[in-house]
Amino acid sequence: MATAGERLKVRSADGAAIIDLPSEVDATTETVLRDAYVGAAAATRTIAFNFGGVEYINSTGIAVIVGILARARADGHVVRAFGLSDHYREIFQITRLSDFMAIFPSESSALGPR
Amino acid sequence: MTGRDEAYWAKPVRTLTVRTVPADAVNANVAGRRVAGAAQGFGQLWHKRFRVRLDGARVSPQEVIRVWKDRFGDFWPKGARVFLPAAGIAPGEIGLINAGVPGAPTFATGILVIYADDVSFSFISPEGHPFTGPITFSAFDDDGTTVAEVEEFTRASDPLWELLMILPFVGGKIQNGQWVGTLGNLAAHWGAAADVETRIVCLDRGRQWSQAKNVWHNAGIHSAIHAIGAPLRRVARRVD
């Protein structure tokens, strides 16, 4: 089985950092996601999270995401998300994470005017 | 794409609905309220993690969570009660919380279960609760020892709660004593030492003044008003 680190990728596009989340976001994702955020935040002000490949998020995974978002917000970064299925949009509503960051349907729209 | 986790998550609700109320519970400050996430709070944003290792206990993470769900309120320190729904801690269910000291009005609030599986569960609270943000209870294996954990990302919901939280001695006890006590009781249940490891980090020292208006939902104030109105409600019920 691939580790979270092997499946999570950070790339850049249009002056923003894009973090492609792994298929499973749980407690094992914490370190690699935090490291990815730190690296991305050092390079750019805008960070977009790609949820397109995510198939599983549990409660500790959401806690990991909340922690990263809270830190990004406190650091003054622009944080965006795209590629969320209807199910994950619902999770963002119930946890009110959708108030933490703007959600876009696609990568191109997430990298639009900012 | 449908997530494999779908059965474990609650569905979004605009406002909370309390279906059944135990006879001895005060149901206030929950029904009709929206849930509040960490972004909706007023005070400084804290990441808190409380852990206890169940050294010597031959118990799996799944068994810890099963018992924790079934007897959630039993592990709380004295002074507060939680009334769980008949369905127990399950996605979308709402629990009522009553707390207080003798002679003072019962402080009433509640929680919404937003996630529950066999090794973790999460709550979020309604507007007016002292804190906004998710709180997660979990258990996991660490080199053959089961560890129970409480993790929260929370802000005080309004300026009054924030003021209370920064009071020396009082604030820390209210904020952290609840989960240190709970994990200590959980450890004692399995005969383990109550050595609770606490890690508290302030993620954002700023206060969100745009959320100062949350004071209108303050559950402490509304609980006092609810208590003052209790005799009138009793009279009204007799007249009906």
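- Identified by a heavy-atom distance below 4.5 Å to chain A, the contributing residues of residues 29-36 of chain B are B:R34, B:V35, B:A36, in residue-number order.
- Classification of the B:F153-B:H47 ring pair by plane angle, with boundaries at 30° and 60°, yields parallel.
- No donor-acceptor contact under 3.5 angstrom links the side chains of A:Y37 and A:D35, judged on distance only.
- Atoms CD and CD1, from A:E90 and A:I94 in turn, are 9.0 Å apart once rounded to the nearest 0.5 Å.
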Problem set entry | Chi angles and distances behind the salt bridge (charged side-chain N to carboxylate O under 4.0 Å, His left out) call for B:E151, B:R51 | CA-CA 9 Å; B:E151 183 175 37; B:R51 280 182 179 169; over 6 Å; no
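- In this structure, OG in A:S85 is found 7.5 Å from CD1 in A:I91, a value given to the nearest 0.5 Å.
- The part of B:R49 that comes within reach of chain A is its side chain, from C-beta onward, which places non-hydrogen atoms under 4.5 angstrom from that chain.
- Heavy atoms of other residues, nucleotides or ligands lying less than 6.0 angstrom from OH of B:Y8 number 12 at most.
- Look at B:R53 and B:E149 and you find no salt bridge, because none of the NZ, NE, NH1 or NH2 atoms lies under 4.0 Å from a carboxylate O.
- From B:I94, atom CD1 reaches atom CD1 of B:I111 across 8.5 Å, with rounding to the nearest 0.5 Å.
- Contacts between B:Q40 and chain A at a heavy-atom distance below 4.5 Å involve the side chain alone, from C-beta outward.
- Listed by sequence position, A:T95, A:R96, A:D99, A:F100 are the residues of residues 95-103 of chain A in contact with chain B, using a 4.5 angstrom heavy-atom cutoff.
- In this structure, CG in B:D141 is found 7.5 Å from OG1 in B:T145, a value given to the nearest 0.5 Å.
- Each of B:V64, B:V147, B:D142 was evaluated against B:L54; a single residue qualifies, B:V64, per the side chain to side chain contact (heavy atoms under 4.5 Å, CB included) test.
- When ring centroids are compared, B:W161 and B:F107 come within the 6.0 Å threshold.
- Between B:F75 and B:H189, the ring planes lie perpendicular to each other; the angle is over 60°, past the 30° to 60° tilted range.
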For this session: Mind running side-chain contact (heavy atoms from CB on, under 4.5 Å) on B:W9 and A:H87 for me, showing each step along the way?
Result: CA-CA 9 Å; B:W9 285 98; A:H87 169 57; 4.1 Å; yes
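- Inter-residue side-chain proximity for B:N27 and B:F83 is flagged as unmet; no heavy-atom pair is nearer than 4.5 Å.
- No donor-acceptor distance shorter than 3.5 angstrom exists from the side chain of A:D14 to the backbone of A:A16, with no hydrogens or angles considered.
- Ranked by non-hydrogen atom pairs under 4.5 Å with chain A, the options B:G37, B:P12, B:A38 are led by B:P12.
- Heavy-atom proximity under 4.5 angstrom to chain A picks out B:L203, B:D204, B:Q208 from residues 201-219 of chain B.
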Problem set entry | From CA spacing to verdict: salt bridge (charged side-chain N to carboxylate O under 4.0 Å, His left out), B:K11, B:E6 | CA-CA 9 Å; B:K11 293 290 181 190; B:E6 200 153 351; 3.6 Å; yes
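- Of the candidates A:Y88, A:F92, A:F82, A:F51 forms a ring-ring contact (aromatic ring centres under 6.0 Å, His included) with just one, namely A:F92.
- Among A:I62, A:L69, A:I57, A:D75, the residue with the largest count of heavy-atom pairs under 4.5 Å with chain B is A:I57.
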Problem set entry | side-chain hydrogen bond (donor to acceptor under 3.5 Å, both in side chains) between A:T46 and A:T44, worked out | CA-CA 6 Å; A:T46 302; A:T44 182; 5.1 Å; no
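- Among residues 118-137 of chain B, the residues having any heavy atom closer than 4.5 Å to a heavy atom of chain A are, in sequence order, B:S120, B:F121, B:S122, B:I124, B:P134, B:T136.
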